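Source: prediction; values computed, not measured. Numbering starts at 1 and runs along the sequence shown.
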Amino acid sequence: ARCTSRHAGGPRARQGLERSMCAASPPAVPRPTRPPPAWDLLAPPLLPVSAMPRCNRVFCFSFGQGPVGTPGATNRALAAFVKGALCLARDDTGESHAEHHTQKGNALVLAQWEIAMELDRCGTCVACSADFLPGEQYITSRQVLEAFAQHSSPEHAGVVAIVAHPDHAWRCWALTTMMGYKTIVLDITTLPDFTWEEHSCDAHGFDAECVQPHTRSRAAFQEYETRMQQDVLRGCPDLQRITLMCAKQPFAVFARENL
């Protein structure tokens, strides 16, 4: 006799069992992958505004640009900070740092064109204004630094104070350091009575009307600047170690060893 295997109950019972099995064991749903950890933007070594006379050059890097070729709110705020920092820093004779060194010619303010335009408008002397290259409508931080270096090279003795938006400052410090300058960043929070909001920025110094979308908000800029910082570190991995070392040192120790 031929042996056949049949499910008890016939085709209808078998179909019912298959349906119940499907209901009991739904298809596996892929588990969501964990997003990569957020990159915390690196921060540079900071110098209080009160220690400004330690520096004989000031490099000012702009942040974004306003509509129709205007400096924009963030750069107006940075220019106001420069002017305030120069006025606050006094030398031994009681002259303002700005007046004393403009006359002597040994403290130079070099600024990207947006900040330079505002400083010129308020009567602050600018030794070098970094502008677009011919045929270009945008100037990078590296190109700004190259323009500064042509006017005041790393071989000149002394310390460079950097003025930049806080979230942009590490990259400005890193590029300047890589070029051979002895540098430190002025801490914007140490200038009395300075606020971003006074210059129509948000609390973090961002201008919603900037031409460049990535400089309109902190969220947009963090994503952009993460890529920029990682690109700099690929070119000089030791910068991260130097950054962490500076962060762990009290300012007095760093100043004694580096200024």
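- Contact of the Asp207 side chain with the Arg216 side chain is not registered, since no non-hydrogen atoms from C-beta on lie closer than 4.5 Å.
- Here the closest non-hydrogen pair linking Leu191 and Ala85 is CD1-N, 4.0 Å.
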Exercise for review: Check step by step if side-chain contact (heavy atoms from CB on, under 4.5 Å) holds for Gln65 and Tyr138.
Suggested key: CA-CA 10 Å; Gln65 180 185 326; Tyr138 183 79; 5.8 Å; no

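- With respect to Arg218 and Asp167, a salt bridge is recorded, a charged nitrogen being found less than 4.0 Å from a carboxylate O.
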Review point. Is there a side-chain contact (heavy atoms from CB on, under 4.5 Å) between Ser141 and His168 once you walk through the steps?
Key: CA-CA 10 Å; Ser141 298; His168 181 217; 3.0 Å; yes

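- Side chains of His204 and Ser217: no donor on one and acceptor on the other come within 3.5 Å.
- Checked against side chain to side chain donor-acceptor pair (under 3.5 Å), Arg234 has no partners two or more places apart in sequence or in another chain.
- The structure places CG of Leu239 at 7.0 Å from OG1 of Thr177, a figure rounded to the nearest 0.5 Å.
- Counted by atom type alone, Thr189 and Asp187 present one or more donor-acceptor pairs between their side chains at under 3.5 Å.
- Distance check, rounded to the nearest 0.5 Å: CD1 of Ile162 to SG of Cys60 gives 10.0 Å.
- In this view, Arg227 satisfies the salt bridge (charged side-chain N to carboxylate O under 4.0 Å, His left out) rule with no residue, not counting sequence neighbours.
- Using modelled atom types, one side-chain atom of Gln143 and one backbone atom of Thr140 make a donor-acceptor pair closer than 3.5 Å.
- The stretch residues 219-238 participates, sequence neighbours left out, in these ring-ring contact (aromatic ring centres under 6.0 Å, His included) pairs: Phe63-Phe221, His214-Tyr224, Phe221-Tyr224.
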Review point. Going through the distances and angles, do Leu233 and Leu42 end up as a side-chain contact (heavy atoms from CB on, under 4.5 Å)?
Key: CA-CA 11 Å; Leu233 287 173; Leu42 296 170; 3.9 Å; yes

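- Atom CG of Leu110 is separated from atom CD1 of Ile115 by 11.5 Å, given to the nearest 0.5 angstrom.
- Residues forming a side chain to side chain donor-acceptor pair (under 3.5 Å) with Glu155 (at least two apart in sequence, or on another chain): Ser153.
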Review point. Between Thr183 and Phe59, does a side-chain contact (heavy atoms from CB on, under 4.5 Å) hold up when you go through it step by step?
Key: CA-CA 10 Å; Thr183 62; Phe59 286 3; over 6 Å; no

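- The backbone N or O of Gln229 sits nowhere less than 3.5 Å from a side-chain atom of Arg171 that would complete a donor-acceptor pair.
- With hydrogens and angles disregarded, no donor-acceptor distance shorter than 3.5 Å links the side chain of Ser200 to the backbone of Ala73.
- Annotation: side chain of Leu46 is not in contact with side chain of Leu186 (no heavy-atom distance under 4.5 Å).
- A continuous path of ILVMFWY side-chain contacts below 4.5 Å connects Val58 to Leu88, so both sit in one hydrophobic cluster.
- In this structure, Trp196 has its ring center closer than 6.0 angstrom to the ring center of His165.
- Counting heavy atoms from C-beta outward, Arg142 and Leu175 have side chains that approach closer than 4.5 Å.
- Note: the hydrophobic cluster containing Leu108 also contains Met179 (ILVMFWY, side chain heavy atoms under 4.5 Å, direct or indirect links).
- The structure places CE of Met178 at 5.0 Å from SG of Cys236, a figure rounded to the nearest 0.5 Å.
- Thr70 places a side-chain N or O within 3.5 Å of a backbone atom of Pro67 that can act as its donor or acceptor partner.
- Residues Val185 and Cys172 are not in side-chain contact: their nearest non-hydrogen atoms beyond the backbone lie 4.5 Å or more apart.
- Residue pairs meeting the side chain to side chain donor-acceptor pair (under 3.5 Å) criterion with at least one partner in residues 71-83, sequence neighbours excluded, are absent.
- Rounding to the nearest 0.5 Å places OG1 of Thr176 at 12.5 Å from CD1 of Ile184.
- Checked by atom type, the side-chain pair Trp113/Ser62 shows no donor-acceptor distance below 3.5 Å.
- In the hydrophobic cluster analysis, where Ile, Leu, Val, Met, Phe, Trp and Tyr join through side-chain heavy atoms closer than 4.5 angstrom, Phe206 is grouped apart from Val211.
- For the atom pair CG (Leu119) and CD (Glu114), the distance works out to 11.5 Å, reported to the nearest 0.5 Å.
- Closest non-hydrogen pair, Cys210 versus Gly64, comes out as SG-CA, 4.1 Å.
- Under the ring pair (Phe, Tyr, Trp, His ring centres under 6.0 Å) criterion, Phe61 pairs with Phe148, not counting sequence neighbours.
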